[in-house]
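Here's the structure we're looking at; comments come further down.
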Amino acid sequence: MKNISILLTGLSLIMYFGAASAQSWSGNPENAPAIQSGTNAVKVSSSPELYQLALIWADNFSQSNPTVKVNLDQINGNANQSADYLRLVTDQNTGILTDQSLWKMVIGRDVIVPVVNANNPMLNLLYKQGISRERFSLLFNDPSERNWSSILIQGQNVQMQFIFPDNNGIISGLEEFTKTTVSASNGELVSNAGEVLAAVQKNVFAIGFCTLNDLKTFTGISGNETVRLLPIDKNGNGRMDNFENIYRNTDEFTHGVWIGKYPAALCKSIYAVAPVKPSGQSELLFLAWILAEGQSLLNTNGYCELAGSEKQANTTFLLSTRPADIGSVSTASFPQSWTIFLTVLLLVVLFVALYEYSRRGVKKLAQEPEIQVAPFLIEHAMDVPKGLWFDKTHTWAFMEQDGNVRVGIDDFLQHITGKLTKIRMKEAGEMVRKGETIMTIIRDGKQLNLYAPISGTILEHNEFLLSDAAIINYSPFFKGWIYQIEPTNWLRETQFMLMGERYADWLRDEFVRFKDFIAASVRTDNNVYAHVVLQDGGELTDNVLADLGPEVWEDFQTRFIDTSR
């Protein structure tokens, strides 16, 4: 499926650029040099808060595409709203974004962050406990609760102060996050984010709100980290779990935002807006560049790039063209006919290559004794052997007659990952504790870290898995065992595990959670991922994670493995 997706994207690009080239060569061949003359131009207008980023994009794009000029200026009131301009705006520009007649596409993210003074005496407590959405809501609603001792265990009995910038985008994002109204009574309102950060720098007990870009700009100017990110307890359990620890530095935080470890309500969008979907070659080239090379400049300048699935879907949507988009094409000129002929020839070659590849793949599958899996991932088809204890991290344990315990992974996990290509294991003689990382399962470089269901000493690991990790897929409870362990606290630790019908009931809930996770992670409205859930009325396909990107695997790690240990 992955190869087919790549092929379709390639065909779209070939069709577009072939058609665009044909259009540019139509009529007289003497028109062709205009493309190389440097007279092509993209008219771009940016909202003020994005102007520096737009300048960086324009400069780097021009270096990569010297024949295309970017004419950039700022949006000022209602200026530059004509059809000649491509606009770059954020969620602050509500007037533009609520206009249903305009074409819009998300090209990046701007993140709202709470910040505290680096010298706050309770900083270590914050990094252990965090502040949840519910707690923020209470603090906003009830001034009497704005005391550090009310939100942190062992927090000091001292009042906190909220500092907000006069920024509609940040205020609306906080209101969406906390489900409350942010008003003057909530704290101090200052003119801009720079004043917020300066105030937090002076007040060790203050909490300020700005964007990640504002914070990076401020720390870059000041030359030291006098203001730090405030950790948010996303799952609201009163502690910062391992998967939530993304706040130590801005690079780690940016990556965490990208894979969904930060509240979505605080992640605002950056848009490209136009009166109609862009169809000019220069405009499309500029937008496609932003969705590719331009994404790396988001992270380095205080913003966050799109997830891989979003970039791919947006690029495919952007470069998909209709006959009306391309315009009428004359067959009078030789260069145009030659371009069309070349495009058709390339399409034929690619389809022939795909056909031959499919034949070889079918032949290979016919020769190899691989397990035949069901087309759907159905909960009733899961193997739930009796007598095994199951941990909520999707591992199992079974005590043998000699008192030692065999450990492996459950049928659910091997079904969703697909055929494993490698497994990393600990050595015999090592001590392990329940909840510690005990193994890593890998498929084509994408991995999941799994945790020990019991404590004890590893007596042996399954040597056969080193040469063929896929044994786990066709025999997870027999040949695919992973460790033999001498337990140290078996009776107590099995009290927290599941067996038989209890495990089956829990697994049904996992299926419901997993369907919601897939729907949110891969945006099933995109054709690229339509195969994931749109089978037989919404059933998941087997091996559903196999061809998805590493960011989805990492998100699965945090939501289904890390939270359960």
Side-chain angles (χ1 to χ4, degrees), residues 16 41-55 57-58 61 70-112 165-177 179 181-182 192-193 211 213-214 264-291 294-295 298 303-307 310-311 313-327 523 525-527:
Y16 165 70
V42 183
K43 294 182 179 180
V44 181
S45 58
S46 166
S47 55
E49 70 276 8
L50 281 180
Y51 189 65
Q52 289 302 316
L53 174 64
L55 280 174
W57 266 342
F61 171 78
V70 179
N71 295 326
L72 174 67
D73 54 22
Q74 288 193 47
I75 295 175
N76 184 12
N78 292 322
N80 302 334
Q81 305 297 301
S82 69
D84 293 331
Y85 278 85
L86 176 69
R87 283 165 283 176
L88 306 180
V89 300
T90 66
D91 286 292
Q92 295 184 44
N93 303 90
T94 54
I96 294 175
L97 296 177
T98 54
D99 188 342
Q100 298 299 316
S101 67
L102 299 177
W103 174 88
K104 312 172 190 71
M105 184 176 71
V106 177
I107 56 175
R109 299 269 186 257
D110 195 10
V111 185
I112 301 169
D166 187 10
N167 181 310
N168 290 334
I170 292 178
I171 298 299
S172 63
L174 290 174
E175 290 181 339
E176 181 183 354
F177 172 59
K179 309 300 181 185
T181 300
V182 177
N192 53 57
T211 67
N213 179 54
D214 295 326
L266 297 178
C267 300
K268 315 312 289 182
S269 297
I270 300 172
Y271 298 86
V273 182
V276 295
K277 180 181 176 181
S279 58
Q281 188 171 0
S282 299
E283 287 79 7
L284 289 173
L285 185 62
F286 179 62
L287 289 173
W289 180 89
I290 287 177
L291 292 171
Q295 291 291 296
L298 284 165
Y303 300 91
C304 291
E305 63 181 281
L306 300 177
E310 289 182 293
K311 286 184 281 189
N314 285 358
T315 301
T316 302
F317 168 68
L318 179 69
L319 297 180
S320 62
T321 56
R322 303 182 301 273
D325 297 325
I326 298 174
R523 294 167 53 101
D525 53 327
N526 293 333
N527 290 333

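All of these numbers come straight from a predicted model, not from anything done at the bench. Below, each value reflects all heavy atoms present in this structure, side chains not excepted, and no hydrogens, waters or symmetry copies.
- Partners of E176 according to the salt bridge (Lys or Arg N to Asp or Glu O under 4.0 Å) rule, which considers only residues two or more places apart in sequence or in another chain, are K268.
- Residue N314 forms a side chain to side chain contact (heavy atoms under 4.5 Å, CB included) with just one option from L306, I107, I290, L287, and that option is L306.
- In this pair, F286 and F61 present their aromatic rings perpendicular. The plane angle is above 60°, beyond the 30 to 60° band.
- The minimum heavy-atom distance linking D73 with Y51 is given by the pair C-CE1, 4.0 Å.
- The line from CD1 of I96 to OH of Y271 is 12.0 Å long, rounded to the nearest 0.5 Å.
- Y85 places none of its side-chain heavy atoms less than 4.5 Å from the side chain of N71.
- Between L50 and Y303, the closest side-chain pair of non-hydrogen atoms falls below 4.5 Å.
- What you find for V70 and A58 is that their closest heavy atoms are CG1-CB, 3.8 Å.
- Shown here for C304 and V111, the closest heavy-atom pair between the two residues is SG-CG2, 3.6 Å.
- A 4.5 Å side-chain heavy-atom check between P165 and N192 finds every atom pair outside the cut-off.
- Donor-acceptor pairing under 3.5 Å is recorded for the side chains of R109 and S269.
- Side-chain contact between D110 and E49 is absent, with no heavy atoms from C-beta onward closer than 4.5 Å.
- Using a 4.5 Å heavy-atom cutoff, the side chains of W103 and V276 are not in contact.
- Atoms CD and CH2, from Q295 and W57 in turn, are 6.5 Å apart once rounded to the nearest 0.5 Å.
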What do the steps show when you test I75 against L88 for side chain to side chain contact (heavy atoms under 4.5 Å, CB included), and what is the final call? CA-CA 9 Å; I75 295 175; L88 306 180; over 6 Å; no
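- In N168, the CG atom is not crowded: 12 or fewer heavy atoms of neighbouring residues, nucleotides or ligands sit closer than 6.0 Å.
- Closest approach of L318 and A288 over heavy atoms only: CD2-N, 3.7 Å.
- At least one donor-acceptor pair closer than 3.5 Å links the side chain of E175 to the backbone N or O of V182.
- A donor-acceptor pair is defined here as one N or O able to donate and one able to accept, closer than 3.5 Å; such a pair exists between the side chain of K104 and the backbone of D99.
- You'll find the side chain of I270 reaches within 4.5 Å of the side chain of L53, heavy atoms only.
- Nearest heavy-atom pair, N167 versus I170, reported as atom, atom and distance to 0.1 Å: OD1-N, 3.0 Å.
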Check the pair V273 / L86 against side chain to side chain contact (heavy atoms under 4.5 Å, CB included), numbers first and verdict last. CA-CA 6 Å; V273 182; L86 176 69; over 6 Å; no
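- Expressed to the nearest 0.5 Å, how far OG of S46 lies from CZ of R87 amounts to 12.0 Å.
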